[in-house]
S.K.: 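Have a look at this one.
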Amino acid sequence: MEHTHLGRTGLRVSRLVLGTMNFGPDTSEEDSHAIMDSALAHGINFFDTANIYGWRTGEGWTERIVGRWLEKSGRRDDVVLATKVYEPMGDGPNDRGLSARHIRQQVEGSLRRLRTDHIDLYQAHHVDRHTPWEEFWQAMDTLVAQGKVLYVGSSNFAGWHIAQASAAAKGLGLVSEQHLYNLAERTAELEVLPAARAHGLGFIPWSPLHGGVLAGILRKSRRRGSGSEITAKRLADNRERVEAYEAFCDELGHHPATVGLAWLLHQEGVTGPIVGPRTVAHLEQSLTALDVHLGESELARLDEIFPGPGPAPEAYAW
């Protein structure tokens, strides 16, 4: 497993990130523990979760599953553990957002559920338009000083949010941005990815296979349908491109999911995509992307099939 620095920090993380969003709702606790065992055995040391995962408001179902594994395995020191704060964790007016109060309450809840005394990377799950950056950094700097959080990251920020947050920080500031990015959805290339590079943030793509559209969906749909309504709509919006993509993957001799992940690993500034396996077999499939080299001609062909938006502001101005 190749490891790289998380942005401008000295922290080294694996080029694939283990996403845990399926743990609980779609994957049993036993199978989730087996996936984490396998991930660590293969050198994946970067585990990502969120207080909202599990989708039972206030329960932190997925964090609890991860926490019980950390306690049982005794491997906490081998894992770079990331979680998030912002989404509603209750019905009260202060049970959401990035206020100092909510951040303080939620970090304590995450620490209890994860059965640990610190979070390696604490991420704002979304920008909070009603909380000033000074308040956000007051809360985060306090947690860092207390040793409860080591690094602070963001998720789903715009490029100008990254710039604002970075300007308001007195210390290290944001070290990473987790963002929607894949071959079929390349809007991040306009400003978010350039902003992350400019400010020294690691860039962590989520939904690297566009909800399964880049994972050989045409082969699957011929056997058992195209999955959820959202996935079916994404396929309908991209069908011609997906047909060309899967045909090109056949020419390369690689599974479409492997090529989709490999493409992300070839993009400048990308730390590593988040893979969200539901089974150990899914995880092992993701690992094959690490061994795929895409040359200039292959990357150019993928750009032809799924063209990016181009740089800002040229993409939308003279």
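When reading the values below, keep in mind they use all heavy atoms of this one structure, side chains included, and skip hydrogens, waters and symmetry mates.
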S.K.: Taking only Lys NZ, Arg NE, NH1 and NH2, and the carboxylate oxygens of Asp or Glu, determine whether E71 and R76 approach each other closer than 4.0 Å.
M.R.: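 No salt bridge links E71 with R76.
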S.K.: Name all residues meeting the side-chain hydrogen bond (donor to acceptor under 3.5 Å, both in side chains) criterion together with Y245; count only those two or more places apart in sequence or in a different chain, and write none if there are none.
M.R.: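 Y245: no side-chain hydrogen bond (donor to acceptor under 3.5 Å, both in side chains) contacts found.
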S.K.: Would you call R186-E189 a salt bridge at under 4.0 Å N-O?
M.R.: yes
S.K.: Under a 4.0 Å N-O cut-off, is there an ion pair linking R239 with E243?
M.R.: yes
S.K.: Could you walk me through whether R113 and E59 pass salt bridge (Lys or Arg N to Asp or Glu O under 4.0 Å), step by step?
M.R.: CA-CA 9 Å; R113 290 187 291 269; E59 291 190 16; over 6 Å; no
S.K.: Is a side-chain N or O of T258 found less than 3.5 angstrom from the main chain of H254, in a donor-acceptor match?
M.R.: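 No: the side chain of T258 does not pair with the backbone of H254.
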S.K.: Show which side-chain atoms of residues 291-298 pair as donor or acceptor with protein atoms under 3.5 Å away, not counting sequence neighbours.
M.R.:
{"from": "E298", "atom 1": "OE1", "to": "G295", "atom 2": "N", "distance (Å)": "2.9"}

S.K.: Is a side-chain donor or acceptor of S154 paired with a backbone partner of S176 at a separation under 3.5 angstrom?
M.R.: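 Yes; judged by distance alone, with no hydrogens or angles, the pair exists.
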S.K.: With salt bridge (Lys or Arg N to Asp or Glu O under 4.0 Å) as the test, would you mind laying out the steps for D128 and R96 before giving the verdict?
M.R.: CA-CA 9 Å; D128 185 343; R96 66 200 68 201; over 6 Å; no
S.K.: I'd like to know if L114 and Y86 are part of one continuous hydrophobic network [Ile/Leu/Val/Met/Phe/Trp/Tyr, side-chain heavy atoms within less than 4.5 Å].
M.R.: yes
S.K.: Assign the ring pair Y181 / W263 to parallel, tilted or perpendicular, where the plane angle (0 to 90°) is split at 30° and 60°.
M.R.: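 Correct class here is tilted.
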S.K.: Which atom pair, heavy atoms only, marks the closest approach of Q106 to Y122?
M.R.: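 Looking at all heavy atoms of both residues, the closest pair is C-OH, 3.5 Å.
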S.K.: Could you walk me through whether N45 and S14 satisfy the side chain to side chain donor-acceptor pair (under 3.5 Å) test, starting with their C-alpha distance in whole Å, then the side-chain angles of each, then the deciding distance to 0.1 Å, before giving a yes or no?
M.R.: CA-CA 6 Å; N45 72 336; S14 49; 3.3 Å; yes
S.K.: By side-chain hydrogen bond (donor to acceptor under 3.5 Å, both in side chains), which residues pair with E284, not counting sequence neighbours?
M.R.: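 If we apply the side-chain hydrogen bond (donor to acceptor under 3.5 Å, both in side chains) test to E284, skipping adjacent residues, there are no hits.
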S.K.: With sequence neighbours left out, write down each residue that passes side-chain contact (heavy atoms from CB on, under 4.5 Å) with D26, or none if nothing qualifies.
M.R.: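 Once residues adjacent in sequence are excluded, the partners of D26 under the side-chain contact (heavy atoms from CB on, under 4.5 Å) criterion are N22, R278.
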S.K.: Would T83 and E63 count as a side chain to side chain donor-acceptor pair (under 3.5 Å) if you check the C-alpha gap in whole Å, the side-chain angles of each, and the deciding distance to 0.1 Å?
M.R.: CA-CA 8 Å; T83 192; E63 283 189 334; 2.6 Å; yes
S.K.: Any donor-acceptor pair under 3.5 Å linking the side chain of H199 with the backbone of L201?
M.R.: no
S.K.: So which heavy atom on F306 is nearest to which on V242, and how close?
M.R.: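 The pair with the smallest heavy-atom distance is CZ-N, 4.3 Å.
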S.K.: Would the distance check show the side chain of H126 and the main-chain N or O of L98 forming a donor-acceptor pair, the cut-off being under 3.5 Å?
M.R.: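 Flag not set: sc H126 to bb L98 has no pair under 3.5 Å.
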S.K.: Show the nearest heavy-atom pair for residues L265 and P273, with the distance to one decimal.
M.R.: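 Reported closest heavy-atom pair: CD2-CD, 3.7 Å.
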S.K.: With side chains defined as the heavy atoms from C-beta onward, is the minimum distance between L121 and L81 less than 4.5 Å?
M.R.: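 The answer is no; the side chains never approach within 4.5 Å.
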S.K.: Looking at R64 and R112, would you say the former's side chain and the latter's main chain have a donor-acceptor pair under 3.5 Å?
M.R.: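 Pair absent, no side-chain N/O of R64 close to backbone of R112.
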S.K.: Under the side chain to side chain donor-acceptor pair (under 3.5 Å) criterion, do T187 and E185 qualify, and how do the steps go?
M.R.: CA-CA 6 Å; T187 308; E185 177 46 76; 2.4 Å; yes
S.K.: Please list, chain by chain and in numerical order, all residues satisfying side-chain hydrogen bond (donor to acceptor under 3.5 Å, both in side chains) with D95, sequence neighbours excluded.
M.R.: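 D95 satisfies side-chain hydrogen bond (donor to acceptor under 3.5 Å, both in side chains) with no other residue.
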S.K.: Side chain of E246, backbone of L218: donor and acceptor closer than 3.5 Å?
M.R.: yes
S.K.: Counting N and O atoms only, with roles assigned by atom type, does the side chain of T288 sit under 3.5 Å from a partner on the main chain of Q285, one being a donor and the other an acceptor?
M.R.: yes
S.K.: Side chain to side chain donor-acceptor pair (under 3.5 Å) for D31 and H33? Distances and angles first, verdict last.
M.R.: CA-CA 5 Å; D31 288 344; H33 287 191; over 6 Å; no
S.K.: Restricting to non-hydrogen atoms, name the atom on G60 and the atom on M89 that form the minimum distance, rounded to 0.1 Å.
M.R.: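 Closest pair (atom of G60, atom of M89, distance): N-CE, 4.3 Å.
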S.K.: Going by ring pair (Phe, Tyr, Trp, His ring centres under 6.0 Å), name the residues that satisfy it together with F157, two or more places apart in sequence or in a different chain.
M.R.: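 With sequence neighbours excluded, F157 shows a ring pair (Phe, Tyr, Trp, His ring centres under 6.0 Å) to W133, H161, given in chain and number order.
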S.K.: For the NZ atom of K170 and the CD atom of Q138, what is their distance to the nearest 0.5 Å?
M.R.: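 So the gap between those two atoms works out to 9.5 Å.
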S.K.: Are the charged groups of R68 and E29 less than 4.0 angstrom apart, N to O?
M.R.: yes
S.K.: Of all the heavy-atom pairs spanning T62 and P25, show the shortest one and how long it is.
M.R.: OG1-CD, 4.4 Å
S.K.: Which residues satisfy the salt bridge (Lys or Arg N to Asp or Glu O under 4.0 Å) test with E135, sequence neighbours excluded?
M.R.: none
S.K.: To check you understand the geometry: which heavy-atom pair defines the closest contact between P277 and T27, and what is its length?
M.R.: O-OG1, 4.4 Å
S.K.: Group every Ile, Leu, Val, Met, Phe, Trp and Tyr by side-chain heavy-atom contacts under 4.5 Å, then state whether V17 and I35 land in the same group.
M.R.: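 Result: no, two separate clusters.
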S.K.: List in chain and number order the residues that pass ring pair (Phe, Tyr, Trp, His ring centres under 6.0 Å) with Y53, two or more places apart in sequence or in another chain; answer none if no residue qualifies.
M.R.: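 Y53 satisfies ring pair (Phe, Tyr, Trp, His ring centres under 6.0 Å) with W55 once adjacent residues are dropped.
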S.K.: Looking at residues at least two apart in the chain, or sitting in another chain, which of them share a side-chain contact (heavy atoms from CB on, under 4.5 Å) with A169?
M.R.: W137
S.K.: Under the rule for side-chain contact (heavy atoms from CB on, under 4.5 Å), what residues qualify as partners of R75, not counting sequence neighbours?
M.R.: L40, W69, S73, D78
S.K.: Any side-chain to backbone donor/acceptor pair from H102 onto N94? Under 3.5 Å, distance only.
M.R.: yes
S.K.: Run through the side-chain heavy atoms of Ile, Leu, Val, Met, Phe, Trp and Tyr, join any pair under 4.5 Å, and report what else lands in L190's cluster.
M.R.: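 Grouped by the 4.5 Å side-chain rule, Y316 form the rest of the cluster around L190.
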S.K.: Using atom types as modelled and distance alone, determine if a side-chain donor or acceptor of R15 lies under 3.5 Å from a backbone N or O of M1.
M.R.: no
S.K.: Tell me, please, which residues at least two apart from T20 pass side-chain hydrogen bond (donor to acceptor under 3.5 Å, both in side chains).
M.R.: T49
S.K.: Determine yes or no for a side-chain-to-main-chain donor-acceptor pair under 3.5 angstrom, with N182 supplying the side chain and P208 the backbone.
M.R.: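 Not at all, since once roles are kept as given, no pair shorter than 3.5 Å links the two residues.
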S.K.: Answer yes or no: does atom CD of Q146 have more than 12 heavy-atom neighbours from other residues, nucleotides or ligands under 6.0 Å?
M.R.: yes
